[in-house]
Amino acid sequence: MTAIKQNQESEITLYWGAYSENDLYEHDYFVELEAAYSGFTYIPITESISNNIVAHHGRLLDIVYDDFDFNTPADLYICGRYEMVQVAYPHLNNVYEGQLNIYSDALPAA
């Protein structure tokens, strides 16, 4: 929210993964946020097949890797289960070395 409010021109994409649609407890809020700020994109992802709100199904990291253009410099904030961050960070850091600024509370301080 701070980034959106400080710079409404910035492009921010939120990939939010959960097991099922019921686990996307802030879904309506993010849909409203996406409607209010043209630079904000919300992409809900579930592992289980759903019938209603989710356009993407599968593993969050697989979808992000396939969907996002990591060849342009970007700030990347990773949050979630500690184990997930520990898997995502080395992969992103090794494959896209020097192209991303990666932040997370589950990483050692730089």
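Asn101 contributes atom CG, which lies 9.5 Å from atom CG of Leu76 (distance to the nearest 0.5 angstrom). With values rounded to the nearest 0.5 angstrom, Arg59 atom CZ is found 8.5 Å from Tyr65 atom OH. The distance from atom CD of Glu34 to atom CG of Leu14, rounded to the nearest 0.5 Å, is 9.5 Å. One distance of note links CG of Asp23 with OG of Ser48; it measures 7.5 Å at 0.5 Å rounding.
Legend: salt bridge (charged side-chain N to carboxylate O under 4.0 Å, His left out) pairs involving residues 73-95, not counting sequence neighbours, sorted by first then second residue: Arg81-Glu83.
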Practice task
Decide yes or no on side chain to side chain contact (heavy atoms under 4.5 Å, CB included) for Leu24 and Thr46, but give the supporting numbers first.
Solution key: CA-CA 9 Å; Leu24 297 171; Thr46 60; 4.0 Å; yes

Practice task
Kindly indicate, with the supporting measurements, whether the criterion side chain to side chain contact (heavy atoms under 4.5 Å, CB included) is fulfilled by Ile63 and His57.
Solution key: CA-CA 8 Å; Ile63 292 169; His57 302 284; 6.0 Å; no

Exercise for the section: Evaluate the criterion side chain to side chain contact (heavy atoms under 4.5 Å, CB included) for residue pair Leu61 and Val87; output intermediate values, then yes/no. Expected result: CA-CA 9 Å; Leu61 294 176; Val87 169; 4.3 Å; yes

Exercise for the section: Decide yes or no on side chain to side chain contact (heavy atoms under 4.5 Å, CB included) for Ile45 and Ile43, but give the supporting numbers first. Expected result: CA-CA 6 Å; Ile45 301 165; Ile43 302 173; 4.2 Å; yes

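When all heavy atoms of Met84 and Cys79 are compared, the closest pair comes out as CE-O, 3.1 Å.
The ring pair (Phe, Tyr, Trp, His ring centres under 6.0 Å) search around Tyr15 returns none, not counting sequence neighbours. With sequence neighbours left out, the side-chain contact (heavy atoms from CB on, under 4.5 Å) criterion links Glu47 to Tyr19. When the ring pair (Phe, Tyr, Trp, His ring centres under 6.0 Å) test is applied to Phe30, the partners found at least two apart in sequence or on another chain are Trp16, Tyr42. For Tyr82, there are no ring pair (Phe, Tyr, Trp, His ring centres under 6.0 Å) partners two or more places apart in sequence or in a different chain. Remark: Tyr89 engages no residue in a ring pair (Phe, Tyr, Trp, His ring centres under 6.0 Å) (not counting sequence neighbours).
Cluster membership for Val85 and Tyr77, using ILVMFWY side-chain heavy atoms within less than 4.5 angstrom, is not shared. Under the 4.5 Å side-chain heavy-atom criterion for grouping Ile, Leu, Val, Met, Phe, Trp and Tyr, Phe40 is not connected to Tyr103 through any hydrophobic cluster.
Side-chain contact between His27 and Pro44 is present, with heavy atoms from C-beta onward closer than 4.5 Å.
At least one donor-acceptor pair closer than 3.5 Å links the side chain of Ser104 to the backbone N or O of Ile78.
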